[in-house]
Amino acid sequence: MTSTPSAPPVITRFAPSPTGHLHIGGARTALFCWAYARRHNGAFLLRIEDTDQKRSSEAASRGILEDLAWLGIDWDEGPVFKRENADGTTTTLGGNPRSVGSFYQSDRRDIYDSYVDWLVERDLAYPAFDTPEALAAMRQLAEKEKRTFVYRRAADYNRDAALARMRSGEPCPIRFKMPATPIDFRDEVLGDITVSNDELDDFVIRKADGFPTYHFAVVIDDELMGTTHIMRGQEHLNNTPRHVALMRALVNQTTNRTFRIPKFAHLTVIANQDNSKMSKRDRDKAARAKCRELNIKTADDVRARANARPLPRFDALSPADFEQWLGDKARQLETHALEDLASVIGVELPEIAVDDFRRSGYLPDAVLNYIALLGWNPGEKGPDGKDLERFDTGYLVEKFAFDRVGKSASKFDRAKLIAFNQDAIAQLSDEEFLTRWAAWARRDDVETLERLGIERLKLVAGAIKGRCRTLKDVRPLVSFAMVDDDAYAFNPKDVEKHLKADDGAGLATLRALAPKLQALPAFDVASIDALLDAHATDTGLGMGKVAQPLRVAVTGAAVSPPLGATLAILGRDGTLARIRRCLDTVTRA
RNA sequence: GGCCCCGUCGUCUAGCCUGGUCCAGGACACCACCCUUUCACGGUGGACACGCGGGUUCGAAUCCCGCCGGGGUCACCA
């Protein structure tokens, strides 16, 4: 063993490249790595693979840390992050207890360089000077001949000359000399895999810009950080033989032992319903398609549709940028600008990144539960005799093992996630529900939070909780209370049916009810319900004939949360003002 | 196209390793009915799958072979 005697028995790692928010597929990988480490009292480590200077950003790194922390996937080693917990305490995630950091690959270039040098000295790796054009030509030729393109060091390669060029400072990539033997390895979920060496090329381990490639950095770091189990997406399956070849060639410079081969487990891809890969660009794609459908060609077309509604983030965009975006599939709009646009044109943007789900009002528990089931199944029955599907991370940790990880790709079913989320919300206590909603609304629905206030919401938490599929649903549920008492519109059909019909029976009920509501000692859900109930019984009208007219009177429509809650959130004054206004308007009409 | 992986209801899956208990079970979605002051919740019921073709066997979703289908990958991106 290379690591200190106190090294944990199992070390897993999640190693994202910071090019944007954490993808939902990445979240599942992280979850499984985390669960496996916890299951075996091991350590879960987070490493940021920022070797691509052009695409990596610090903001993205921070975003990924936040996403993971929000999900509740804690890392033991890695970048330090202070998470604010719901109860006001702070938890510090990450750290460097075994002195194996830094956890940013861009900080570790000296380490990679020394291993590259070691390989080059032994002619196990070599500098290459092919032009991009020459490489492209070789690829084309291979394609024409219908074979895999495999880069090999040319027969007339002059090592001394190449080394001299490299030492003179000419920028060049370093390639690993692939041994001429087939590579085999075991995958914990897929089984034994063998790859013929004519499929394996002399791949680049250090780019001309001096940064290591993914393949190299990952191998060095997993050895130096003591990774025992590598779990990652199946798109890496074809890279694994390269990594194994590297591991077999390398020697740990501190222990003088050859690299250990960790266990591998490749997780299947998560796809959209139409089998396309879930991609961050899907959101832009959805919006772009809708624009085409609505024949929107310029930013002005969008503003015209917005009817003077302010769209701060969208307006921050230059019209030229927008038009370019419309015509260029490769372009992505800034998150909030895209959401502004979506609200105007009426598309639902598919959630792809963890942060999308957060902003759409999903609970981390529900997201975790759902993605755990994508490719893993406990294979157990619950007390009701049905397959066990709903569980928390504690259960996952207790049960997670590779033998129940699926081999076939799965499609992401948003409807099922919503069902999980709806249940998760319904199971929250009223206080917890409000706490969670308020935390969410502070970032994502400030208007509702401010307009209604948490105190008024407290009155109706119980009534709306069970009606929310996501936290976002609170708003439409209470939107009737967000307009002034004289500003909501009456739905003509509902007015006809519940108020005017039967010679204005509904209106008569309102006139009878108003003084009773006025006189009610306490204007809370229970008292209101009791009053309505008594009125329905005493008059012999039945609840339907009492509740519906009232509902239409105070909200303008025949659909709202239960009446007690509806009236309570409006308050006594609001309720009476609305009944008065209804009586005035509708009677006159 | 080469290579690698995969193939049970629309979707996620249980069952497959250790053939019979599977005319294939659950969940989500869907449909119907019930409950009901609207919406929602809940309850009951329904429709829906072993990709195809050959073997092996008394017997195959389960084992073998072929075909077909899907995905991944073929970068100085990870």
Taking the same atom, [atom1], in [N] and in [M], what whole-Å distance lies between them?
N: B:rG45; M: B:rU8; atom1: C1'; value: 24 Å
N: B:rA32; M: B:rA40; atom1: P; value: 13 Å
N: B:rG66; M: B:rC4; atom1: P; value: 13 Å
N: B:rC31; M: B:rG72; atom1: P; value: 32 Å
N: B:rA27; M: B:rG70; atom1: C1'; value: 24 Å
N: B:rU37; M: B:rC30; atom1: C1'; value: 27 Å
N: B:rG69; M: B:rC64; atom1: P; value: 22 Å
N: B:rG46; M: B:rC3; atom1: C1'; value: 47 Å

Take atom [atom1] of [X] as the centre, draw a 6.0 Å sphere, and report whether it contains more than 12 heavy atoms from other residues, nucleotides or ligands.
X: A:Arg153; atom1: CZ; value: yes
X: A:Asp502; atom1: CG; value: no
X: A:Glu143; atom1: CD; value: no

Looking at residues 538-545 of chain A, who's got a heavy atom less than 4.0 Å off RNA chain B?
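Close to the strand are A:Met543, A:Gly544.
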Just to be sure I understand the rule, does [X] reach a base, reach only the sugar-phosphate, or reach nothing, if contact means heavy atoms closer than 4.0 Å?
X: A:Arg404; value: sugar-phosphate
X: A:Gly379; value: nothing
X: A:Glu143; value: nothing
X: A:Ser560; value: base
X: A:Pro241; value: nothing

Length of the [atom1]-[atom2] vector between [X] and [N], whole Å:
X: A:Lys411; N: B:rC6; atom1: NZ; atom2: C1'; answer: 13 Å
X: A:Asp184; N: B:rC5; atom1: CG; atom2: P; answer: 13 Å
X: A:Asp403; N: B:rA14; atom1: CG; atom2: C1'; answer: 14 Å
X: A:Glu145; N: B:rC3; atom1: CD; atom2: P; answer: 15 Å
X: A:Gln273; N: B:rG71; atom1: CD; atom2: C1'; answer: 15 Å
X: A:Ile418; N: B:rC12; atom1: CD1; atom2: P; answer: 17 Å
X: A:Phe264; N: B:rC4; atom1: CZ; atom2: P; answer: 18 Å
X: A:Asn272; N: B:rG71; atom1: CG; atom2: C1'; answer: 13 Å

Consider the side chain of A:Val269, meaning its heavy atoms from C-beta on, and name the nucleotide among B:rC39, B:rG72, B:rG2 that approaches it most closely.
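Selected nucleotide: B:rG72.
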Base paired to [N] (Watson-Crick or G-U; both N/O distances under 3.5 angstrom):
N: B:rG7; value: B:rC68
N: B:rU73; value: B:rG2
N: B:rU44; value: B:rA32
N: B:rU57; value: none
N: B:rU62; value: none
N: B:rG19; value: none

Protein and nucleotides 18-21 of chain B: nitrogen or oxygen contacts under 3.5 angstrom:
none

B/S/- contact track for [range], protein heavy atom under 4.0 Å:
range: nucleotides 22-33 of chain B; answer: ---BBBB-----
range: nucleotides 73-78 of chain B; answer: SSSBBB
range: nucleotides 63-69 of chain B; answer: -------

Syn/anti state for B:rC41 [syn: chi within 90° of 0]:
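With its glycosidic angle within 90° of zero, B:rC41 counts as syn.
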Is any side-chain nitrogen or oxygen of A:Ser410 closer than 4.0 Å to OP1 or OP2 of B:rU13?
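Yes, A:Ser410 has a side-chain N/O under 4.0 Å of OP1/OP2 on B:rU13.
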B:rC6 OP1/OP2 closer than 4.0 Å to side-chain N/O of A:Lys407:
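Yes, because at least one side-chain N or O of A:Lys407 sits under 4.0 Å from OP1 or OP2 of B:rC6.
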Distance-only donor-acceptor hits, side chain of residues 25-33 of chain A, under 3.5 Å, sequence neighbours excluded:
{"residue": "A:Arg28", "atom": "NH1", "partner": "A:Leu374", "partner atom": "O", "Å": "2.6"}
{"residue": "A:Arg28", "atom": "NH2", "partner": "A:Thr268", "partner atom": "O", "Å": "2.3"}
{"residue": "A:Thr29", "atom": "OG1", "partner": "A:Gly25", "partner atom": "O", "Å": "3.2"}

Between [X] and [Y], is any side-chain donor less than 3.5 angstrom from a side-chain acceptor?
X: A:Tyr395; Y: A:Glu380; answer: yes
X: A:Tyr112; Y: A:Asp221; answer: yes
X: A:Ser102; Y: A:Asp107; answer: yes

In a table with atom names and distances, give each donor-acceptor pair under 3.5 Å that connects a side chain of residues 526-534 of chain A to protein atoms at least two apart or in another chain.
{"residue": "A:Ser527", "atom": "OG", "partner": "A:Ala522", "partner atom": "O", "Å": "3.2"}
{"residue": "A:Ser527", "atom": "OG", "partner": "A:Asp524", "partner atom": "OD1", "Å": "2.6"}
{"residue": "A:Asp529", "atom": "OD1", "partner": "A:Gly564", "partner atom": "N", "Å": "3.3"}

Quick check: do [X] and [Y] have side-chain heavy atoms less than 4.5 Å from each other?
X: A:Leu417; Y: A:Ile371; answer: no
X: A:Trp437; Y: A:Leu457; answer: yes
X: A:Leu237; Y: A:Ile193; answer: yes
X: A:Phe14; Y: A:Trp75; answer: no

Name all pairs fulfilling the side chain to side chain donor-acceptor pair (under 3.5 Å) condition that reach into residues 535-547 of chain A, sequence neighbours left out, sorted by first residue then second.
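Listed by first then second residue: A:Lys516-A:His535.
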Is a salt bridge present between A:Asp222 and A:Arg47, judged by a nitrogen-to-oxygen distance below 4.0 Å?
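Yes.
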Under 4.0 Å between a side-chain nitrogen and a carboxylate oxygen: does that hold for A:Lys54 and A:Asp209?
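No, no charged N to carboxylate O under 4.0 Å.
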Pairing residues for A:His243 by the ring pair (Phe, Tyr, Trp, His ring centres under 6.0 Å) criterion, not counting sequence neighbours:
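Checked A:His243 against ring pair (Phe, Tyr, Trp, His ring centres under 6.0 Å); matches are A:Tyr214, A:His215.
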Strictly by ring-ring contact (aromatic ring centres under 6.0 Å, His included), give each pair with a member in residues 166-187 of chain A just once, sequence neighbours left out.
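Those involving residues 166-187 of chain A are A:Phe176-A:Phe203, A:Phe185-A:Phe264.
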Determine whether a donor-acceptor pair (N or O, by modelled atom type, separation under 3.5 Å) exists between the side chain of A:Arg469 and the backbone of A:Gln422.
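No; zero donor-acceptor contacts below 3.5 Å.
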5'-most by nearest nucleotide on RNA chain B - A:Arg551 or A:Asp274:
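The 5'-side residue here is A:Arg551.
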Give every residue pair that meets the salt bridge (Lys or Arg N to Asp or Glu O under 4.0 Å) criterion with at least one member in residues 417-429 of chain A, sequence neighbours excluded.
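Listed once each, the pairs are A:Arg390-A:Asp423.
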Results of side chain to side chain donor-acceptor pair (under 3.5 Å) for A:Thr148 - residues two or more places apart only:
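A:Thr148 satisfies side chain to side chain donor-acceptor pair (under 3.5 Å) with A:Glu199 only.
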